[in-house]
J.: 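I have a structure here, written as structure tokens, and I will follow up with some questions on it.
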Amino acid sequence: MLSYAVIFLIVAIIAGVLGFGGVAGAAATIAKVLFVIFLILFVVSLIRGRGR
């Protein structure tokens with residue numbers, strides 16, 4: 001999940017440099033959403049792991 005977020009971030013940076021603002025914005029938004037989902041799943045796995 002984190003690797004997908006990094007890939008979309010790289011796509012957003014490249015698209016922004018090349019002047020594709022719409023694509024860059026969409027890719028950045030997807031990267032942010034994936035990163036937040038990754039963080040939530042990471043915290044949940046930490047909490048569940050400590051319970052065992």
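The basis for the numbers below is simple: all heavy atoms, side chains too, and nothing from hydrogens, waters or symmetry mates.
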J.: What about Y4 and V6, same hydrophobic cluster or not, with Ile/Leu/Val/Met/Phe/Trp/Tyr joined at side-chain heavy-atom distances under 4.5 Å?
T.: no

J.: Name each donor-acceptor pair under 3.5 Å that joins a side chain in residues 12-35 to protein atoms two or more places apart or in another chain, with its distance.
T.:
| from | atom 1 | to | atom 2 | distance (Å) |
| --- | --- | --- | --- | --- |
| T29 | OG1 | G25 | O | 2.8 |

J.: Kindly work out whether a path of hydrophobic side-chain contacts (I/L/V/M/F/W/Y, heavy atoms less than 4.5 Å apart) joins L39 to I37.
T.: yes

J.: With clusters defined by side-chain heavy atoms of hydrophobic residues (ILVMFWY) lying less than 4.5 Å apart, directly or transitively, does I7 cluster with V36?
T.: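 Looking at the clustering, I7 is in a separate group from V36.
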
